[in-house]
S.K.: 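Dropping a structure here in structure tokens format, bear with me for questions.
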Amino acid sequence: MCSIYFLVLAILLPCCFEILSLRCSTVMKETLRYLAGIAGPSGYGSKTTADQVARSSSFPSHHLTAIITGATSGIGAETARVLAKRGVRVVIPARDLKKAITLKEGIEKENPNAEVILFDIDLSSLASVKRFCTQFLALELPLNILINNAGIFSQNLEYSEDKIEMTFATNYLGHYLLTEMLIEKMVETAEETGIHGRIINLSSVIHSWVKRDCFTFTQMLDPNSYNATRAYAQSKLANILHAKEISRQLKAKNAKVTINAVHPGIVKTGIIRAHKGFITDSLFFIASKLLKSTSQGASTSCHVALSPQAQELSGKYFADCNECSCSALANDESEARRLWMQTRALINRRLQYQIPAPS
């Protein structure tokens with residue numbers, strides 16, 4: 001039962017941290033804004049749903065192609081559903097093909113004209129990511145949107161087949177390689193169509209918990225002492241730094257492709273509903289006032305993927321469908337470049353896949 005209380009606290013703490021990290025003079029204002037769902041500069045706020053974002057977007061989404069990882073459940077599935085409803089061809093690389101087939105059937109039932117393509121992938125495996133990219137590129141489809149949505153929170157220390165800590169391998173490393181292998185296709189598509197390509201990395205406000213002296217590449221690959229929350233926070237920080245460096249590279253060659261990081265918010269789950277009790281129910285009641293629905297959680301990804309407002313923005317961090325501040329470490333350009341170079345060297349060694357040197 002204690003583990004359940006820790007789980008609820010793990011859900012509540014990021015919400016509280018997001019509030020407490022603000023200046024004291026703005027705490028009340030920002031708390032009320034969040035709870036009331038008051039719109040920010042984009043016209044959207046914390047209560048905005050993915051459907052609302054998509055319906056109000058004037059972006060020409062028909063005939064576009066999007067790849068969405070982690071789309072068999074949660075906000076990934078909602079993002080896939082909403083984009084498909086808007087006429088986007090949705091490509092879903094999934095580890096669990098049974099869940100992917102069920103999702104596809106649901107999307108097609110809602111929208112018979114939807115086009116959903118399924119592939120097998122294990123994001124924690126570099127070889128599997130490389131195989132998927134080769135298979136996708138062989139289809140010779142355009143690629144307009146890449147949403148690096150998949151993520152895990154591994155309670156115990158586990159290693160991928162590449163002997164890398166599982167959370168880091170799945171949340172960051174797999175998406176790094178996926179992006180590197182598909183980015184030229186996105187640049188080509190943007191040049192041919194005149195429509196900006198968009199890459200979106202899912203991050204989290206918990207990235208702010210990582211201290212500079214604790215953020216080392218070798219420690220993330222093979223931690224000496226494992227802490228699940230720290231491993232997750234480090235991977236989410238890496239996702240933002242990845243977006244910062246790729247944005248710099250894309251701007252250097254004047255590519256019509258943007259990349260941004262988003263914090264979807266803390267989304268409601270049914271994990272603790274099976275554990276009844278006064279304390280658990282009370283904690284869940286408090287948490288439910290801060291947590292988002294799945295559709296609200298998917299709104300920021302859909303906003304950055306579809307909104308004309310986001311077309312020219314790159315290397316930014318979004319929450320509640322609005323650009324916001326990330327930590328000083330996440331904004332460190334030298335740290336972003338160093339992480340990119342270290343990751344590039346690792347992948348080149350493991351796969352003999354030569355990632356081009358940055359501009």
S.K.: For Asn156 and Tyr226, does a side-chain donor sit closer than 3.5 Å to a side-chain acceptor?
M.R.: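 The criterion, which ignores hydrogens and geometry beyond distance, is not satisfied for Tyr226 and Asn156.
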S.K.: Between Ser56 and Tyr44, do the side chains contain an N or O donor and an N or O acceptor separated by less than 3.5 Å?
M.R.: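 Yes.
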S.K.: How close do Arg95 and Asp120 get, counting heavy atoms only, and between which atoms?
M.R.: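 Closest approach of Arg95 to Asp120: O-OD1, 4.1 Å.
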S.K.: With a 4.5 Å heavy-atom cut-off, do Lys292 and Ser46 have their side chains touching?
M.R.: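 Sidechains of Ser46 and Lys292: in contact.
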S.K.: Out of the candidates Lys104, Arg89, Lys85, Arg86, only one should pair with Glu115 under the salt bridge (charged side-chain N to carboxylate O under 4.0 Å, His left out) rule; please name it.
M.R.: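 Single salt bridge (charged side-chain N to carboxylate O under 4.0 Å, His left out) partner of Glu115 among Lys104, Arg89, Lys85, Arg86: Arg89.
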S.K.: Which heavy-atom pair separates Glu161 from Ser125 by the least distance, and what is that distance?
M.R.: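 So the minimum-distance heavy-atom pair works out to OE2-OG, 2.8 Å.
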S.K.: Taking the side chain as every heavy atom from C-beta outward, state whether Leu250 and Ile183 have any atom pair closer than 4.5 Å.
M.R.: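 Yes - at least one pair of side-chain heavy atoms lies under 4.5 Å apart.
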S.K.: Find out if a path of hydrophobic residues (ILVMFWY) with successive side-chain heavy-atom gaps under 4.5 Å connects Val82 to Leu202.
M.R.: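 Cluster IDs for Val82 and Leu202 differ.
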S.K.: Is it possible for you to say whether Leu137 and Leu146 belong to one hydrophobic cluster, with membership spreading through side-chain heavy-atom contacts below 4.5 Å?
M.R.: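 In one cluster with Leu137: Leu146, yes.
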S.K.: Step by step, would you call Ser327 with Arg212 a side-chain contact (heavy atoms from CB on, under 4.5 Å)?
M.R.: CA-CA 11 Å; Ser327 71; Arg212 187 177 295 273; over 6 Å; no
S.K.: When you check the side-chain N and O atoms of Ser124 and Ser160, is any donor under 3.5 Å from an acceptor?
M.R.: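 Not at all, the side chains of Ser124 and Ser160 share no donor-acceptor pair under 3.5 Å.
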S.K.: So Ile67 and Phe132, do their side chains get closer than 4.5 Å, heavy atoms only?
M.R.: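 They are in contact (side-chain heavy atoms under 4.5 Å apart), so the answer is yes.
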S.K.: For Arg81 and Asp51: C-alpha separation, side-chain torsions, deciding distance, then whether salt bridge (charged side-chain N to carboxylate O under 4.0 Å, His left out) applies.
M.R.: CA-CA 9 Å; Arg81 184 191 70 81; Asp51 272 315; 2.6 Å; yes
S.K.: Are Val91 and Val187 connected in a single hydrophobic cluster, I mean Ile/Leu/Val/Met/Phe/Trp/Tyr linked by side-chain heavy atoms less than 4.5 Å apart?
M.R.: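 Yes, Val187 and Val91 fall within the same hydrophobic cluster.
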S.K.: Walk me through whether Met220 and Glu165 qualify under side-chain contact (heavy atoms from CB on, under 4.5 Å).
M.R.: CA-CA 7 Å; Met220 288 183 284; Glu165 189 277 311; over 6 Å; no
S.K.: Can you tell me how the ring of His242 sits relative to the ring of Tyr176, calling it parallel under 30°, perpendicular over 60° and tilted otherwise?
M.R.: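 His242 vs Tyr176 ring planes: tilted.
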S.K.: With a 4.5 Å cut-off on side-chain heavy atoms, are Pro142 and Thr193 touching?
M.R.: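 Thr193 vs Pro142: side chains apart.
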S.K.: Which value, rounded to the nearest 0.5 Å, describes the distance between Leu346 atom CG and Leu126 atom CG?
M.R.: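 Between Leu346 CG and Leu126 CG, I get 7.0 Å after rounding to 0.5 Å.
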S.K.: For the pair Gln234 (side chain) and Cys214 (backbone), establish whether a donor and an acceptor sit closer than 3.5 Å, ignoring hydrogens and angles.
M.R.: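 Yes, because the side chain of Gln234 sits within donor-acceptor range (under 3.5 Å) of the backbone of Cys214.
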S.K.: Would you say NZ of Lys251 has more than 12 non-hydrogen atoms from neighbouring residues, nucleotides or ligands within 6.0 angstrom?
M.R.: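 Check passes, neighbour count above 12.
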S.K.: If you count the non-hydrogen atoms of other residues, nucleotides and ligands that lie under 6.0 Å from CD in Glu158, is the total more than 12?
M.R.: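 Count over threshold, so yes.
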S.K.: Shortest non-hydrogen contact from Thr167 to Ala231?
M.R.: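 Of all heavy-atom pairs spanning Thr167 and Ala231, the closest is CG2-O, 3.8 Å.
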S.K.: Would you kindly confirm whether Ile152 and Ile75 end up in one hydrophobic cluster when ILVMFWY residues are joined by side chain heavy atoms under 4.5 Å apart?
M.R.: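 No; Ile75 is not reachable from Ile152 via cluster members.
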S.K.: Just how far is it from atom NZ of Lys256 to atom CD of Glu312, taken to the nearest 0.5 Å?
M.R.: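 Reported value, rounded in 0.5 Å steps: 9.5 Å.
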S.K.: So, taking the atom named CD1 in Ile200 and the one named CG in Asn149, what distance separates them when rounded to the nearest 0.5 Å?
M.R.: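 It is 9.5 Å, given to the nearest 0.5 Å.
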S.K.: Would Ile246 and Trp340 satisfy side-chain contact (heavy atoms from CB on, under 4.5 Å), going step by step from the backbone distance to the final call?
M.R.: CA-CA 9 Å; Ile246 296 300; Trp340 190 91; 3.4 Å; yes
S.K.: Which heavy atom of Leu83 sits nearest to which heavy atom of Ile147, and what is that distance?
M.R.: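 Taking Leu83 first and Ile147 second, the nearest heavy atoms are CD2-CD1, 4.2 Å.
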S.K.: Determine whether the side chains of Asn322 and Ser42 contain a donor N or O and an acceptor N or O closer than 3.5 Å.
M.R.: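 Short answer, yes.
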S.K.: Just how far is it from atom CG of Leu306 to atom OG of Ser299, taken to the nearest 0.5 Å?
M.R.: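 OG of Ser299 is found 11.5 Å from CG of Leu306.
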S.K.: Closer than 4.0 angstrom, basic N to acidic O: yes or no for Lys253 and Glu184?
M.R.: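 Answer for the salt bridge query: yes.
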S.K.: How close do Ala243 and Ile259 get, heavy atom to heavy atom, and via which atoms?
M.R.: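 Shortest heavy-atom contact: O-CG2, 3.4 Å.
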S.K.: Taking all heavy atoms of Glu78 and all of Ala298, pick out the closest pair and write down the distance.
M.R.: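 Heavy atoms of Glu78 and Ala298 come nearest at CG-CB, 3.7 Å.
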S.K.: Roughly how far apart are Tyr317 OH and Cys324 SG, rounded to 0.5 Å?
M.R.: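 Going from OH on Tyr317 over to SG on Cys324, the span is 5.5 Å.
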S.K.: With no hydrogens and no angle check, just 3.5 Å: does a side-chain donor-acceptor pair link Asn148 and Thr179?
M.R.: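 A donor-acceptor contact under 3.5 Å links the two side chains.
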S.K.: Starting from Phe168, can I reach Met166 by hopping between I/L/V/M/F/W/Y residues whose side chains sit under 4.5 Å apart?
M.R.: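 No, Met166 and Phe168 fall in different hydrophobic clusters.
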S.K.: Hydrogens and angles aside, do Tyr172 and Thr343 bring a side-chain donor and acceptor to less than 3.5 Å of each other?
M.R.: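 Per modelled atom types, Tyr172 and Thr343 side chains form a pair under 3.5 Å.
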S.K.: Start with the C-alpha distance between Phe136 and Ile121, add both sets of side-chain angles, then the distance that settles side-chain contact (heavy atoms from CB on, under 4.5 Å), and finish with yes or no.
M.R.: CA-CA 11 Å; Phe136 172 78; Ile121 196 173; over 6 Å; no
S.K.: In Å, rounded to the nearest 0.5 Å, how long is the span from NZ of Lys109 to CD1 of Ile107?
M.R.: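 Rounded to the nearest 0.5 Å, the NZ-CD1 separation comes out at 13.5 Å.
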S.K.: Can you tell me if Lys236 and Asn171 form a side-chain donor-acceptor pair at under 3.5 Å?
M.R.: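 Looking only at side-chain atoms, Asn171 and Lys236 do not form any donor-acceptor pair under 3.5 Å.
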